[in-house]
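Report on one structure; see the data block that follows.
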Amino acid sequence: MDIEASVPVPLVAYFSMEICLEPEIPTYSGGLGILAGDTVRAAADLGVPMVAVSLVHRKGYFHQHLDEDGNQSEAPSPWSPEDVLEPVSPHVSVSIDGRTVRAQAWRYPVQGIGGHAVPVYLLDTALAENSEHDKTLTDYLYGGDDHYRLRQEAVLGLGGVCLLRELGITEDVCYHMNEGHSALLALALVEGQMASKGPEAATDEIVEAARQQSIFTTHTPVPAGHDQFPISLVREVLGERRAALLEAAGCCLDGRLNMTHTALRFSRYVNGVSMRHDEVSSGMFPGYPVNAITNGVHAVTWTSPAFQALYDKHVPEWRRDNYYLRYAVGIPLDEIQQAHTGAKKELLAVVKERAGVALDKDTLTIGFARRATGYKRADLLFSDLDRLRSIARRMGPLQAIYAGKAHPRDQEGKNMIRRVFQAAAELGDTAPVVYLEDYDAALARLLCSGVDLWLNTPLPPHEASGTSGMKAALNGIPSLSVLDGWWIEGHVEGVTGWSIGDSVGTSSDSAVEAASLYDKLEQVILPLFCQHPKAYAQIMRNAIAMNGSFFNTQRMMSQYVRNAYPAARG
Ligand SMILES: *Cc1c(COP(=O)(O)O)cnc(C)c1O
């Protein structure tokens with residue numbers, strides 16, 4: 001499915017603070033980085049002209065260790081780009097804290113299905129000519145304090161544009177800011193406009209010219225996801241002149257540099273990542289029109305080997321064009337069941353190996369894995385342990401597999417992990433619950449393909465999209481989810497999965513939602529799973545045909561190509 005010649009696409013320069021290139025390269029923390037990697041993979045598949053820029057993160061995010069009570073401790077997760085990647089020759093300079101910081105870039109080529117490659121450049125300040133301190137600026141993803149973070153964002157935004165210029169990438173570029181971390185790239189564009197338009201040009205005219213070069217995707221309604229820096233810190237790091245420029249351009253809010261506002265101010269097109277998130281973001285950013293392009297996942301990356309083989313047999317075009325997954329309606333149900341049994345067996349073997357727990361292959365297995373942070377409510381399933389025990393005893397056995405890292409400073413997220421451990425201890429063998437350490441993309445692949453039901457319990461309206469349920473759908477796993485984010489679009493009750501609660505709301509009552517969760521398990525899902533396996537397999541097949549065929553990054557990328565990347569007309 002090559003991009004139609006009728007849609008002229010400029011070269012897209014995709015900027016992201018994190019990106020998952022391979023599970024073992026620790027340059028990502030969660031959904032945002034996974035999405036960035038999947039976006040680049042889809043662009044390569046579709047032949048979209050794109051380059052991507054991120055940081056090298058030599059010490060990674062972190063390895064998670066959990067003790068027997070669920071207390072999390074963290075260890076660095078270092079990697080050496082020199083062992084696997086080639087450096088590119090131009091080095092760049094960024095003025096930070098009044099000093100010149102030099103950076104080089106490592107090139108990772110992402111190869112698409114038809115051979116088109118998208119190069120990803122990972123900026124790295126660990127160069128001999130830098131001070132010991134500046135050498136560490138590209139070490140830790142989301143580590144350090146505000147000062148460290150702002151300097152990293154300067155390397156990403158300013159250093160990134162500078163690198164592309166050094167590589168000869170200047171004309172007709174659309175800069176795509178994946179979240180606000182890279183918004184300082186706008187400064188480089190403004191300075192470029194000033195240089196070409198001359199000293200007489202009015203500020204408005206220069207800002208507008210820079211604005212026409214960029215688009216912005218916002219990813220979260222959660223305040224912690226929107227970086228802000230005191231203006232005094234901005235002066236110190238970027239210098240008086242650049243700080244004044246950002247202030248004059250309207251990038252500050254309440255005396256702080258706001259990266260989301262900077263990105264909004266400097267983008268000709270802004271989008272949220274689901275229909276619902278578009279509505280929520282429009283309310284958050286009055287004065288800025290926000291559009292919707294719902295996220296997806298890279299289908300081949302997230303489909304288990306067993307289902308890959310099944311699709312290759314029945315819908316061989318699916319790798320090149322994911323829309324063909326719509327034809328999964330024709331796959332015999334027993335083959336779907338067989339493929340799933342294979343994926344489940346593989347997951348249970350890993351659970352045995354990593355946690356020493358032998359789960360039962362015939363028991364309804366619930367999966368829950370994502371960043372451990374408050375609004376995701378990993379513990380909602382355990383709101384009423386007596387009720388859960390009673391459901392497990394009367395309606396059929398059930399078991400659950402959990403995973404997820406809490407950001408090292410997220411105490412609420414860490415408490416949530418402890419509560420899951422506590423519930424697991426109290427439930428014992430009545431409903432076995434296993435929490436696997438060190439959630440990463442490799443484990444996500446196993447979990448999102450090996451369980452029987454994918455549980456999603458965010459506090460609405462905080463889930464901008466959510467993507468792990470999409471990975472599950474590609475593997476024939478239905479979701480049981482709160483109506484928030486992508487599920488509002490993907491949910492057809494009893495057809496593609498089930499909702500928790502029955503309406504889309506802005507307020508939420510955890511007790512009511514927990515009761516709905518238990519009702520669905522007790523009255524609908526367990527009876528179906530235990531007594532009508534063919535009917536359950538029918539829902540699995542619908543999840544593939546209806547949701548797998550749409551909630552993928554090939555569809556998402558073609559929407560960016562049609563709606564976001566082309567320069568404004570007329
Ligand atoms: C897909 C994925 C996520 C995102 O999951 P959500 O459901 O969007 O919260 C986070 N971490 C990893 C490792 C993933 O693979």
Side-chain angles (χ1 to χ4, degrees), residues 16 18-39 41 60-64 77 141-142 178-179 217 219-222 224-225 272-274 276-277 294-299 301-304 347 366-378 380 401-407 410 413 416-417 436-451 453-460 462-475 477 479-482 484-491 497 500 547 551-553 556:
S16 183
E18 52 171 310
I19 184 163
C20 177
L21 299 166
E22 294 173 21
E24 299 72 29
I25 297 184
T27 49
Y28 64 97
S29 81
L32 185 71
I34 300 278
L35 177 83
D38 283 0
T39 298
R41 281 182 276 276
Y61 186 47
F62 66 87
H63 279 302
Q64 176 197 50
S77 157
L141 173 60
Y142 304 139
N178 185 45
E179 198 46 287
T217 303
H219 285 270
T220 178
V222 179
V273 291
S274 70
R276 177 77 184 123
H277 181 228
T294 302
N295 279 343
V297 296
H298 188 256
T301 300
W302 295 104
T303 300
S304 67
L347 170 64
I366 299 174
F368 185 106
R370 39 187 65 86
R371 279 184 306 120
T373 192
Y375 83 88
K376 303 265 192 186
R377 296 192 295 187
L380 194 74
I401 308 174
Y402 274 70
K405 297 175 181 176
H407 185 278
D410 184 351
M416 212 164 62
I417 297 175
L436 297 174
E437 287 177 322
D438 216 21
Y439 189 45
D440 66 2
L443 187 52
R445 260 194 102 188
L446 286 167
L447 273 168
C448 298
S449 62
V451 298
L453 179 69
W454 196 251
L455 181 65
N456 184 38
T457 52
L459 181 69
H462 290 88
E463 191 64 280
S465 167
T467 51
S468 55
M470 304 174 182
K471 301 168 191 167
L474 278 163
N475 292 285
I477 298 171
S479 285
L480 169 59
S481 169
V482 165
D484 200 16
W486 84 281
W487 191 234
I488 295 171
E489 299 159 47
H491 161 254
I500 295 171
N547 287 344
F551 295 99
N552 58 68
T553 40
M556 181 194 84

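First listed ligand is number 1; within each ligand, the first listed atom is number 1. Since we're looking at a predicted model, the values are computed, not measured. Quick note: residue numbers are just sequence positions, from 1.
- Residue-to-ligand polar distances place T467 within reach of ligand 1: an N/O pair is separated by less than 3.5 Å.
- For the residue pair N178 and S16, a side-chain donor N or O sits within less than 3.5 Å of a side-chain acceptor on the partner.
- A cation-pi arrangement is absent between K405 and Y61, since the terminal nitrogen or guanidinium carbon is not both under 6.0 Å from the aromatic centre and inside a 45° cone about the axis.
- Within ligand 1, the atoms closer than 4.0 Å to a non-hydrogen atom of A441 are 13 (C), numbered from 1 in the order shown.
- In this structure, R445 has no heavy atom closer than 4.0 Å to ligand 1.
- Heavy-atom contacts of G466 reach the following atoms of ligand 1: 8 (O) (cutoff under 4.0 Å).
- Judged purely by distance below 3.5 Å, without hydrogens or angles, the side chains of N547 and W486 never pair a donor atom with an acceptor atom.
- Atom 9 (O) of ligand 1 has as its closest protein heavy atom K376 NZ, 2.7 Å.
- Formation of a donor-acceptor pair under 3.5 Å by the S274 side chain with backbone atoms of A464 is found in this model.
- Of all atoms in ligand 1, numbered sequentially from 1 with element shown, those under 4.0 Å from a heavy atom of G31 are 3 (C), 4 (C), 10 (C).
- Taking each heavy atom of G296 and T467 in turn, the nearest pair found is O-CG2, 4.0 Å.
- Using modelled atom types and a 3.5 Å distance limit, the side chains of N456 and S481 yield a donor-acceptor pair.
- A side-chain donor-acceptor contact under 3.5 Å links S468 and W454.
- Using a 4.0 Å cut-off between heavy atoms, R371 makes no contact with ligand 1 at all.
- In terms of polar-atom proximity, defined here as any N/O pair under 3.5 Å, S468 does make such a contact with ligand 1.
- Heavy-atom proximity to R370, at under 4.0 Å, picks out these atoms of ligand 1: 7 (O), 9 (O).
- Looking at ligand 1, you won't find any N or O of D440 less than 3.5 Å from one of its N or O atoms.
- When hydrogens are left out, the protein atom nearest atom 12 (C) of ligand 1 is Y439 CE2, 3.5 Å; that is the closest non-hydrogen contact.
- Ligand 1 has W302 within reach: a non-hydrogen atom of the residue lies less than 4.0 Å from it.
- Salt bridge present: E463 and K376 bring a charged side-chain N and a carboxylate O closer than 4.0 Å.
- Close N/O approach between K471 and ligand 1 is found [any backbone or side-chain N/O within under 3.5 Å].
- Side chains of T457 and R377: a donor-acceptor N/O pair is absent below 3.5 angstrom, by distance only.
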